[in-house]
Amino acid sequence: MTRKCTYPGTFDLGMFLAVRAATRVLEESRPVSENKDPHVSTPELQGQKFVYDFTEGNKDLKDLLGGKGANLAEMTNLGLPVPPGFTITTEACKVYLDSGEEPRALRDEVSAHLDALEKQMGKKLGQADDPLLVSVRSGAKFSMPGMMDTVLNIGLSDESVVGLAAQAGDERFAWDSYRRLIQMFGKTVLGVDGDLFEEALEAAKQAKGVTVDVDLDAADLKKLVKQFKKIVTRDAGRDFPQDPREQMDLAIKAVFDSWNTDRAKLYRRQERIPGDLGTAVNVCSMVFGNLGPDSGTGVAFTRDPASGHAGVYGDYLQNAQGEDVVAGIRNTVPLAELESIDKKSYDQLMQIMKTLETHYKDLCDIEFTIERGQLWMLQTRVGKRTAGAAFRIATQLVDQGLIDEAEALQRVTGAQLAQLMFPRFDEDAKTQLLGRGIAASPGAAVGKAVFDSYTAVKWSRSGEKVILIRRETNPDDLDGMIAAEGILTSRGGKTSHAAVVARGMGKTCVCGAEEIEVDTKRRRLTVGGTVVEEGDIVSVDGSTGKVYLGEVPVVPSPVVEYFEGRMHAGADDADELVAAVHRIMAYADRVRRLRVRANADNAEDALRARRFGAQGIGLCRTEHMFLGERREMVEKLILADTDEERETALAELLPLQKADFIELFESMDGLPVTVRLLDPPLHEFLPDITELSVRVALAESRKDANENDLRLLQAVHKLHEQNPMLGLRGVRLGLVIPGLFAMQVRAIAEAAAHRKNAKGDPRAEIMIPLVGTVQELEIVREEADQVIAEVEAATGTSLKLTIGTMIELPRAALTAGQIAEAAQFFSFGTNDLTQTVWGFSRDDVEASFFTAYLEKGIFGVSPFETIDKDGVGSLVRSAVAAGRATRPDLKLGVCGEHGGDPESVHFFHEVGLDYVSCSPFRIPVARLEAGRAAAESKGSDSR
């Protein structure tokens with residue numbers, strides 16, 4: 001291949017330093033006024049620099065240059081072989097998205113950098129005899145694999161394709177590159193349905209009698225180019241542009257626009273990526289992997305992203321461009337085979353991978369191209385990995401001395417730990433193996449087979465568990481991937497779109513199951529003589545790559561067995577993972593300030609919580625103790641007409657409550673147990689008014705009315721509430737029904753005395769629910785103190801019972817300073833606080849309009865899942881300050897479901913709570929996140 005300026009056989013850092021100097025001279029010599037529009041006063045346009053050469057940035061400029069641009073600059077600075085190019089900043093994108101127009105200075109800056117690039121390469125963009133070709137690629141701060149747009153081979157036209165063929169000495173290569181450009185440009189920039197190009201390509205292969213693209217010759221590709229151009233003219237309403245600068249400018253705008261595509265917005269919501277960051281655009285001189293068998297493209301990982309093990313991991317595809325690998329349309333070979341294909345490039349790549357991992361101190365994900373034996377680096381980033389790999393890699397890097405324990409703790413998340421606690425398939429179960437593919441993202445997923453994203457979403461919303469099965473996925477499948485329990489593809493490898501996105505979301509995924517034939521039109525798959533129709537149950541094992549027909553039973557995760565005390569670190573793979581989890585959890589426990597308690601209502605849950613590391617019970621919901629057979633006792637109490645009836649009902653309940661608390665205090669001996677007094681909406685303990693009314697009406701029609709039913713109906717009508725959640729419950733119930741709370745306090749005190757006399761160490765805390773004013777708490781506390789004193793006198797035991805309240809109403813939060821005068825502790829009930837702050841009834845709104853609110857971006861995440869820091873959080877923050885101002889030793893905790901949410905735990909650490917409380921299963925997650933919050937705040941303080 002003869003070129004006016006060829007790429008060097010080895011990378012010449014001096015050449016790039018010279019270009020850097022020239023670029024800086026160019027930038028410094030340009031008058032500031034060039035970047036200003038006298039008619040525009042927008043601050044972003046006042047002399048701001050919107051374009052950076054790859055020689056100008058570094059990896060710390062991700063906010064400005066995006067992840068891809070920042071890392072291309074970093075690799076250039078390291079002297080690695082990166083094709084020259086430049087990056088348009090995220091600031092330019094934000095101006096474009098805000099105003100609908102590119103900054104006026106942008107075109108001039110792009111022209112200047114393009115001129116410099118053309119001089120460096122010795123050729124001009126799209127020139128007829130020897131064209132410079134470029135790629136235009138997106139690159140946001142956070143990796144969004146496949147969600148935004150890329151266009152390769154920009155600069156090709158009817159004239160320049162001939163020049164490229166002559167310069168390369170390969171006519172097929174030139175026409176293959178041209179058809180790729182028209183196909184990508186038509187779909188990405190002009191909005192043409194991509195299936196039209198795919199159908200034309202398939203038809204060309206069928207006419208030729210071949211199955212893969214590489215078997216089409218130059219003549220076939222010339223015909224295909226004509227077809228593609230006709231498709232563009234017909235469906236886009238304009239001809240494919242022949243002006244290379246117009247191609248580049250339109251592609252840049254298309255990348256900007258792709259930031260706000262539906263799939264990009266959906267991915268950002270799923271990954272909680274802010275929507276106002278914008279994307280950078282990278283314009284990079286093309287290098288070609290489709291120049292024949294001595295060329296190719298690949299993706300490499302410095303460690304296995306599925307397991308974390310060291311080794312040679314990745315995919316390589318000869319005679320291909322990069323999109324062929326990540327799209328999964330052709331099955332790749334393992335990266336290790338590159339050693340026998342091209343030993344020189346393989347050895348160079350291994351050295352570069354070692355350099356990058358040491359430099360970034362983490363697993364790196366690398367895209368590369370080999371052009372006729374010359375290796376080029378197209379991208380690197382800190383790679384996405386599975387949950388197990390995250391824990392293994394973090395501890396491996398500590399052992400290698402690359403990071404310390406504090407950094408290792410920041411490299412894992414509570415969400416990843418939760419994934420590791422999910423069940424796995426039972427290896428001893430009888431199974432029917434359908435096939436085996438590449439284990440791309442671990443987990444055990446069972447569901448009904450579906451063959452398109454629309455069906456996956458539809459069935460999932462109806463409560464069905466589904467497995468999305470495709471030949472290969474593309475970004476348009478994202479909503480189906482989110483809805484599915486697992487993903488199965490017949491094409492692609494560990495670096496395909498399905499694998500990368502699934503790993504990022506923590507979804508089970510098996511890719512490249514070649515023996516499985518997927519027929520999306522007939523909605524079925526076949527393996528040998530077995531046919532699986534849509535709706536049939538399949539099981540997908542992302543840890544082994546195996547796919548089974550039917551439902552495979554699951555067994556507990558080894559990580560859960562470790563927390564339960566049934567597994568210890570050893571030598572095999574499962575034990576290696578457990579050892580990594582153990583090390584990181586031990587460090588998290590050493591550094592965290594927040595204590596972690598459990599929400600538990602019985603001894604069984606309490607004991608399990610204790611095994612999981614709970615440091616007490618933060619919420620015992622006593623209303624759960626009155627369900628089942630005891631429900632009628634509470635009904636009698638609520639409907640009692642006389643003092644005698646009420647006292648009889650209370651007397652029946654007292655010994656039952658005492659026994660409950662004795663078991664609970666025994667299981668949590670030596671640790672605090674916060675007992676919330678009865679707090680049900682009243683209707684939960686009353687007969688259903690509709691059913692009772694019907695029963696009475698039918699009895700009256702038969703003239704055999706039951707006197708008790710009539711009396712009961714009259715009482716239920718009297719107590720019926722339109723909105724029970726805001727009615728007679730909590731402290732209000734205790735004040736209206738004499739003796740109710742006194743009975744519960746007596747049961748708690750007598751149980752504590754019993755344990756103490758049995759040489760136990762009960763540490764009971766009594767919590768009054770739904771307090772809105774300090775007067776309510778004062779009345780209940782006065783009664784409680786009297787009861788406790790009576791029990792102490794009767795048992796001869798000194799009891800140190802503390803009395804506090806839940807802060808779950810806005811008024812309680814706003815008057816926290818007053819309430820703290822009567823409370824020894826606060827526990828924030830963020831479930832009800834969220835309902836009352838937002839005016840939501842959770843049971844109703846989650847099924848009605850929450851989905852629409854999430855899709856429209858009103859919610860990034862449900863406020864019941866992660867605490868609303870601006871609203872609910874501001875009340876928590878102010879209540880903490882006011883409560884501690886009144887009572888400096890006030891103990892503060894949270895017992896809503898937010899106590900186990902990773903992001904919320906960081907907020908509770910920040911505002912100064914003493915503990916969080918959550919369900920037993922979430923305790924390890926809360927422990928880990930409490931440690932991460934402490935390490936993060938310590939790191940911030942040191943900076």
Original post:
Is it true that Tyr52 and Phe86 have ring centroids separated by less than 6.0 Å?
Top reply: no
Roughly how far, to the nearest 0.5 Å, is [atom2] of [Y] from [atom1] of [X]?
X      : Y      : atom1 : atom2 : value
Glu118 : Ser111 : CD    : OG    : 9.5 Å
Leu72  : Asn58  : CG    : CG    : 12.5 Å
Leu277 : Asp63  : CG    : CG    : 7.5 Å
Arg263 : Leu478 : CZ    : CG    : 9.5 Å
Leu117 : Ser285 : CG    : OG    : 5.5 Å
Leu338 : Leu317 : CG    : CG    : 12.0 Å

Taking only Lys NZ, Arg NE, NH1 and NH2, and the carboxylate oxygens of Asp or Glu, determine whether [X] and [Y] approach each other closer than 4.0 Å.
X      : Y      : value
Asp257 : Lys253 : no
Arg172 : Asp217 : no
Arg491 : Glu514 : no
Glu367 : Arg137 : yes
Arg245 : Asp249 : yes
Lys94  : Asp276 : no
Asp158 : Lys229 : yes

**OP:** Quickly, which of Thr87, Leu378, Val134 forms a side chain to side chain contact (heavy atoms under 4.5 Å, CB included) with Asn282? Name it, please.
**Re:** Thr87
With the side chain counted from C-beta on, respond yes when [X] and [Y] share a heavy-atom pair under 4.5 Å apart, and no when they do not.
X      : Y      : value
Ile273 : Tyr267 : yes
Leu133 : Leu164 : yes
Leu356 : Leu80  : yes
Glu109 : Thr89  : no
Ile352 : Leu78  : no
Glu371 : Asp294 : no
Asp53  : His113 : yes
Lys68  : Arg381 : no

[atom1] ([X]) with more than 12 external heavy atoms under 6.0 Å:
X      : atom1 : answer
Gln242 : CD    : yes
Glu246 : CD    : yes
Lys223 : NZ    : no

Hydrogens and angles aside, do [X] and [Y] bring a side-chain donor and acceptor to less than 3.5 Å of each other?
X      : Y      : value
Ser177 : Asn290 : yes
Thr489 : Arg470 : no
Asp149 : Ser138 : no
Gln321 : Asn153 : yes
Ser157 : Ser160 : yes
Thr380 : Asn71  : no

[X] versus [Y], closest heavy-atom pair with distance:
X      : Y      : value
Gly314 : Phe301 : CA-CD1, 4.4 Å
Leu156 : Phe240 : O-CE2, 4.1 Å
Pro103 : Phe50  : CB-CE1, 3.6 Å
Pro131 : Gly163 : CD-C, 4.1 Å
Ala200 : Leu224 : O-CD1, 3.7 Å
Ser258 : Ala264 : O-CB, 3.5 Å

So, [X] side chain and [Y] main chain: donor-acceptor pair closer than 3.5 Å or not?
X      : Y      : answer
Thr302 : Cys364 : yes
Asp477 : Thr473 : no
Glu339 : Asp347 : no
Trp259 : Gly275 : yes
Thr369 : Gly289 : no

Subject >> side chain to side chain contact (heavy atoms under 4.5 Å, CB included) between Glu91 and Leu64, intermediate numbers included >> reply: CA-CA 7 Å; Glu91 292 300 321; Leu64 184 67; 3.8 Å; yes
Taking only distance into account, with no hydrogens and no angle test, what donor-acceptor pairs under 3.5 Å do side-chain atoms of residues 181-196 form with protein atoms, sequence neighbours excluded?
| residue | atom | partner | partner atom | Å |
| --- | --- | --- | --- | --- |
| Gln183 | OE1 | Arg179 | NH1 | 3.0 |
| Gln183 | NE2 | Glu198 | OE2 | 3.3 |
| Thr188 | OG1 | Met184 | O | 3.0 |
| Asp193 | OD1 | Asp195 | N | 3.0 |

Original post:
Does NZ or CZ of Arg180 lie under 6.0 Å from the centre of the six-membered ring of Trp175, at an angle within 45° of the ring axis?
Top reply: no
**OP:** With sequence neighbours excluded, tell me which residues meet salt bridge (Lys or Arg N to Asp or Glu O under 4.0 Å) with Glu337.
**Re:** none
**OP:** Step by step, work out the side chain to side chain contact (heavy atoms under 4.5 Å, CB included) result for Phe368 and Ser345.
**Re:** CA-CA 10 Å; Phe368 66 92; Ser345 295; over 6 Å; no
**OP:** Output, in order, the C-alpha distance, side-chain angles, deciding distance and verdict of side chain to side chain contact (heavy atoms under 4.5 Å, CB included) for Glu74 and Tyr360.
**Re:** CA-CA 10 Å; Glu74 190 74 12; Tyr360 282 87; 3.5 Å; yes
Original post:
Taking only residues two or more places apart in sequence or in another chain, which ones pass ring pair (Phe, Tyr, Trp, His ring centres under 6.0 Å) with Tyr96?
Top reply: Phe256
**OP:** List the steps, then state whether side chain to side chain contact (heavy atoms under 4.5 Å, CB included) holds for Val110 with Leu106.
**Re:** CA-CA 6 Å; Val110 169; Leu106 180 60; 3.9 Å; yes
